Amino acid sequence: MLRILSLVLLFGLFPNLSAQEDFELNRKSPPVSIDKSQLNMPWVGGLNNPQPHMTDLDGDGDTELYLFDRQGHRHLGFQREENGSFIYEPELTKNFPDRIPHWVVMRDFDGDGIDDIFGHSDTLVSGILVYKGFRDADGFIDFERMTFGEPLPILYFEQSNGSRIQIFVSTIDYPEIADLDCDGDMDILTFNSNGGYVELFANQSVELGYGTDSLIFDLVDNCYGGIYESGLSPEVTLAGGPDECATPFNSPTPGPDPTPGGARHAGSTLLTLDHNQDGKPELLLGDVSFTEVVMLINDGDCDDAWFSDQELDFPAEDVPVDIIFFPASFYTDVNQDGTSDFIAAPNQFINAEDRKVFWYYENVGQEDAPDLRIVDSLFLVRDMIDMGTGAMPVAFDVNNDGLQDLIVSNRQLFTSSISFTDSRLVVFLNVGTETEPAFEQTQLDYLDMSEFLNTTTEFAPAFGDLNGDGRPDALVGGQDGKLFFFPNVTNDNGPQQFGTAIYPFMDIDVSQSARPFIVDLNRDGLNDLVIGNRSGRIAYFQNIGTADSPQFSPDMETLPNQIQLGGIDTRNVGSSLGYSSPIVIDRTDGYILLTGTNRGQIEAYGNIDGNLEGNFTELDLEVGDFRTGFRSELTAADFDNDGTLELIFGNGRGGLEYFGSEIPSEVTGIVDRAELDRQLKVFPNPASGTVNVLLEGRPGNRLQLYDINGRMIKELTLSPGEQQMSFSVRELPTGVYTIRLSHGSGSIAKKLVVTK
C-alpha cells in the first residue's frame with residue numbers, strides 16, 4: 001500500500017454501514033510486469049496529453065514534477081528519486097483545483113517563490129482563470145481563485161472603444177505566459193479569435209508602479225512577430241521586415257483582420273525560449289494539422305519581436321518531434337540539473353497519438369543556448385499500464401487456477417493503418433499467490449477480437465454462465481452497441497476456452513458503446529444482462545429462457561426489459577454523453593449497482609431488489625471530488641483473498657488505478673447452480689399449496705419471494721438459527737417465481753413454479 005486515500009461515503013453507500021462511519025479506499029500497487037520487466041508505477045492511470053511543470057509541490061525546497069493531463073483534466077504529482085526515476089505521489093496535488101479544463105500554465109507571476117496557476121476558463125467563455133499559490137499548514141502548495149472585480153473571474157483587457165472583454169484563448173490552443181517585453185512581469189501570447197495571428201497582451205503592472213504582483217493587460221500587438229499561420233502548411237508566413245505584418249496568401253487585406261476569404265488555423269500551441277543565446281526569445285509553434293514543431297527565429301528586440309527565419313523540424317540538432325497530431329512544447333528542468341529540458345506532447349486526444357505522448361529531450365547545453373538530445377518518447381508512460389485511449393478492466397480467472405486475473409480492453413490504440421483505431425483485449429495474468437497478487441501481461445489479443453475490427457471496436461468484456469453448464473461464458477460489447485457471445489468450451493479444469501463467436505447476440509443493440517454485465521438481477525435463477533451505453537442510461541434485458549437455453553428479447557422498451565433501468569442517467573446537465581459502465585455487487589441486504597460515467601466520477605445505486613420497474617435510490621457518495629479522469633470504468637474482485645473487494649478503475653487516458661476497500665467480497669451476482677442445488681431445497685416444486693424451504697449449511701435470516709418482473713410479493717423473517725420454513729402459495733397466480741434466501745455471508749436464490 002503506497003498511500004491511503006480516504007473516501008468518505010455518507011448516508012450508507014452500503015446498507016450495513018451507518019451514516020457516521022467512514023469508508024476508505026486504500027491505494028495499493030501490486031507488481032506488474034510487461035515483457036519480463038517490472039513496471040515502476042503501474043497504477044498511475046496512464047497519460048495522453050501531459051502538460052509538465054517542475055515546481056515545489058510539498059514545500060521542501062526541491063522541485064517535483066507536476067502534470068496536468070488534458071484528457072480528463074487530471075492533476076498528477078511525481079517525486080524524483082535519487083536514481084532519476086519518478087514515483088507517483090497523489091498527496092502532492094491534493095490541493096489543486098478540479099475545475100480547470102483544457103490547459104494549465106504554472107508561473108510565479110508575483111515573485112513570491114510559489115508558482116501560480118493560469119488555466120482555461122471554467123465558465124461559458126474562452127478565457128483565462130488564475131489561481132494564486134500559497135502554502136497550507138503542512139507546506140503543500142494550495143491555491144486561491146482570483147476574481148479581478150470583473151463580471152467573470154477571468155482576465156480582461158480594455159478595447160480601444162473603452163469596453164472591457166476577456167483575453168481570448170481557444171479551448172484547443174495552448175498559450176504562452178512569460179515576460180516577453182523584458183520588464184519583469186508576465187505577459188500573454190495567444191492566437192486571436194479568428195486564428196492565424198498571434199496577439200501580445202502586455203502586463204502593465206510594472207509600468208503602473210505595482211511591481212510584478214498585479215495582472216493588468218493591454219493588447220499591444222495584434223500581429224506579434226509579424227507572422228501568419230495558415231494551417232495549410234507547417235511553414236509559417238513571415239513578414240518582410242520589422243514592424244510589418246504577414247498577409248494570408250489568399251486574402252487581399254493585410255494585417256490581423258483578413259477578409260472572410262482568408263485561411264484560418266484550427267488550433268495551435270505556443271512556447272518561447274532563447275535558443276541562440278542572443279537574449280531574444282524564439283517562438284515554438286505546433287499546429288493541429290501537422291506533426292512537427294516549428295521554431296521561429298527572433299531577429300527583433302523586446303519592444304518589437306520580428307521572426308525572420310524558421311526551422312521546420314525542431315530540434316534540428318537531434319531527432320525532431322514527430323507527434324500525430326498537434327504537438328505542444330514545454331521547457332522545464334525535468335532532471336533537476338539547473339537547466340531546462342524540452343518536452344513535447346500531443347495536444348489533441350481524439351484520433352491522435354496516445355502512447356508516444358511524452359517526448360523528453362535532455363538539455364546538455366545551457367539554459368539560453370540549449371542542446372537538446374532525445375531521451376525517450378515514452379517517458380513515464382513505459383512505467384505504467386497504458387492501453388492508449390480508454391481502459392476497461394474486468395476481473396476473470398483466465399487460466400482457471402483459482403486466482404483472479406485481469407483483462408483490460410481499450411477504446412483505441414492510435415495507428416494510422418486501421419482507420420486510427422486498434423482495440424484489443426489484453427490479459428494480465430495473476431502470477432502471484434492467493435494473498436499477494438502480481439500481474440504479468442501475457443496475451444495481447446484475447447479472444448482474437450482484432451479479427452472483428454472491421455465490424456466494430458471499443459470491445460468491453462463480461463463473463464458469466466448464460467447457457468447453464470456451470471462455466472462462465474464471454475460476452476463482449478462493441479462501439480456499435482451490439483454484443484459478441486462466446487460459449488465456454490473448457491474441458492475439465494484447464495484454462496478457459498471459448499467457442500466461435502455469435503454476433504450480434506440475440507439482436508441486442510443499445511445503440512453505441514455497449515458495456516455489459518451479467519447478473520441474475522430479478523433472482524429467478526437465470527442470469528440477466530445489464531448494459532451501459534453512450535447515452536448514460538443502463539439497459540436491462542431479462543433472461544426469459546431456461547437454465548440451459550438463454551433467451552432475450554431485443555426490444556428494450558417492452559417489459560420485463562428496461563431501456564433506462566432504475567431511472568439512471570449518468571449525463572451531465574446539458575450533455576448528450578453519459579457513457580454508463582455498470583457492475584452489480586450482491587450484498588446480504590440486496591444488490592448495489594456502481595457505474596462509471598463520462599465525467600469520471602462513480603455513481604452508486606441501491607433499492608434494486610423488488611424494484612426493477614421503479615427508480616433506484618442514488619446513494620450519497622461523498623468522495624472528496626475523487627475522479628479517475630474522463631470515461632471511468634471499474635471492476636471489483638477479491639484479488640488477495642482477504643474477504644474484501646479490491647476496486648480497479650480505468651479511465652480515458654488508457655490507464656488503471658488499484659484500490660483496496662472494506663467492502664465484503666460475498667458476491668453472488670453470477671449464479672452458481674451447483675451450489676444452489678446443494679444448499680437451497682425448495683419442495684414441492686411445482687407447487688399449488690404449501691412450499692417448504694430448506695437451507696442446508698448456514699442458517700438463514702430472511703426469505704423473499706419475487707414475481708417474474710422482479711417485484712417482491714412476500715417477505716418472511718426466519719427465527720435465529722432456523723434453517724427450514726413453510727409458506728402458502730394458494731393465493732398466487734400461476735407462473736414462475738423466485739425464492740431468495742439471505743444468510744450471514746450472502747444470499748442464494750432458486751426458481752419456483754406455481755400451478756393450480
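Any value given below was found using the heavy atoms of this structure, including those in side chains, with hydrogens, waters and symmetry copies removed. Computed from a prediction, not measured in an experiment: that's the story for all the values here.
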Output the distance between atom CZ (F439) and atom CG (D405), rounded to the nearest 0.5 Å.
7.5 Å
Between the side chains of R145 and D122, is the shortest nitrogen-to-carboxylate-oxygen separation below 4.0 Å, so that they form an ion pair?
yes
Do E603 and Y605 get their side chains close enough for a donor-acceptor pair, meaning under 3.5 Å?
yes
Output for pair (I407 CD1, R424 CZ), nearest 0.5 Å, gives 15.0 Å
Spacing of Y446 atom OH and S409 atom OG [to the nearest 0.5 Å]
13.0 Å
Under 3.5 Å: donor-acceptor pair, side chain of R355, backbone of D386:
yes
Residue from L565, I508, I538 passing side chain to side chain contact (heavy atoms under 4.5 Å, CB included) with I531:
I508
Quick one: closest heavy-atom pair of S580 and G532, and the distance?
OG-CA, 3.2 Å
Quick one: side chain to side chain donor-acceptor pair (under 3.5 Å) partners of Q479, sequence neighbours excluded?
Q512
How long is the straight-line distance from CG of D422 back to CE of M449, given to the nearest 0.5 Å?
12.0 Å
Between R534 and E458, does the salt bridge (Lys or Arg N to Asp or Glu O under 4.0 Å) criterion hold? Intermediate values first, please.
CA-CA 12 Å; R534 183 178 183 267; E458 200 175 310; over 6 Å; no
Return the minimal non-hydrogen interatomic distance between A514 and A460, and the atom names on each side.
O-CB, 3.6 Å
Centroid separation F358 to F379 less than 6.0 Å
yes
Within this structure, what is the CG-CG distance for the pair D445 and L425, rounded to the nearest 0.5 Å?
7.5 Å
In terms of heavy-atom contacts, F68 and I100 come closest through CZ-O, 3.4 Å
Does the side chain of L380 come within less than 4.5 Å of F86's, by heavy atoms?
yes
Checking Q71 now: which residues fulfil side chain to side chain donor-acceptor pair (under 3.5 Å) with it, not counting sequence neighbours?
none
Using side-chain heavy atoms (C-beta onward) and a distance below 4.5 Å, is R27 in contact with Y88?
yes
Hits for ring pair (Phe, Tyr, Trp, His ring centres under 6.0 Å) against F630, two or more places apart or cross-chain, chain-then-number order -> H73
For residues V32 and W43, report the shortest heavy-atom separation together with the two atoms involved.
CG2-CZ2, 3.4 Å
Can you tell if the side chain of Y579 reaches within under 4.5 Å of the side chain of T570, non-hydrogen atoms only?
no
Quick one, V394 and L406 - any side-chain contact, counting heavy atoms below 4.5 Å?
no
In terms of side-chain geometry, is the basic nitrogen of E657 or R74 positioned less than 4.0 Å from the acidic oxygen of its partner?
yes
Below 4.5 Å, heavy atoms only, C-beta onward: do V476 and K482 meet side chain to side chain?
no
Does D173 reach the side chain of W103, with side-chain heavy atoms less than 4.5 Å apart?
no
Can you label the angle between the Y66 ring and the H75 ring as parallel, tilted or perpendicular, going by 30° and 60°?
parallel
Aromatic plane relationship, F484 with F459 - under 30° parallel, 30 to 60° tilted, over 60° perpendicular:
perpendicular
Measure the acute angle between the ring planes of F498 and F396, then classify it against the limits of 30° and 60° as parallel, tilted or perpendicular.
tilted
Holding to salt bridge (Lys or Arg N to Asp or Glu O under 4.0 Å), I want the full list of residues that pass it with E646, two or more places apart in sequence or in another chain.
K28
So, do L47 and L76 sit near enough that their side-chain heavy atoms are less than 4.5 Å apart?
yes
Distance-only, no hydrogens or angles: does the N651 side chain make a donor-acceptor pair with backbone N or O of L656 under 3.5 Å?
no
With no hydrogens and no angle check, just 3.5 Å: does a side-chain donor-acceptor pair link D35 and S37?
no
Determine the sole option in F118, F326, F330 for which the ring-ring contact (aromatic ring centres under 6.0 Å, His included) test with Y174 is passed.
F330
Identify the residue among N410, N49, T389, N48 that makes a side-chain hydrogen bond (donor to acceptor under 3.5 Å, both in side chains) with D354.
T389
Sequence neighbours left out, what passes salt bridge (Lys or Arg N to Asp or Glu O under 4.0 Å) with D383? Give chain and number order.
none
Step by step, work out the side-chain hydrogen bond (donor to acceptor under 3.5 Å, both in side chains) result for N543 and N527.
CA-CA 6 Å; N543 190 341; N527 272 325; over 6 Å; no
Check L593 against T595 and note the closest heavy-atom contact, atom names and distance.
CD2-CB, 4.1 Å
Pairwise distance CD(Q79) to CD(E91) - rounded to 0.5 angstrom:
10.5 Å
Partners meeting side-chain contact (heavy atoms from CB on, under 4.5 Å) with S121 (sequence neighbours left out)
T123, V125, I154
Test your reading of the model: is there a side-chain donor-acceptor pair from N347 to the backbone of I172, 3.5 Å cut-off?
yes
Taking atom types as modelled, is there a side-chain donor on S581 or E633 under 3.5 Å from an acceptor on the other?
yes
Any donor-acceptor pair under 3.5 Å linking the side-chain atoms of Y503 with those of D480?
yes
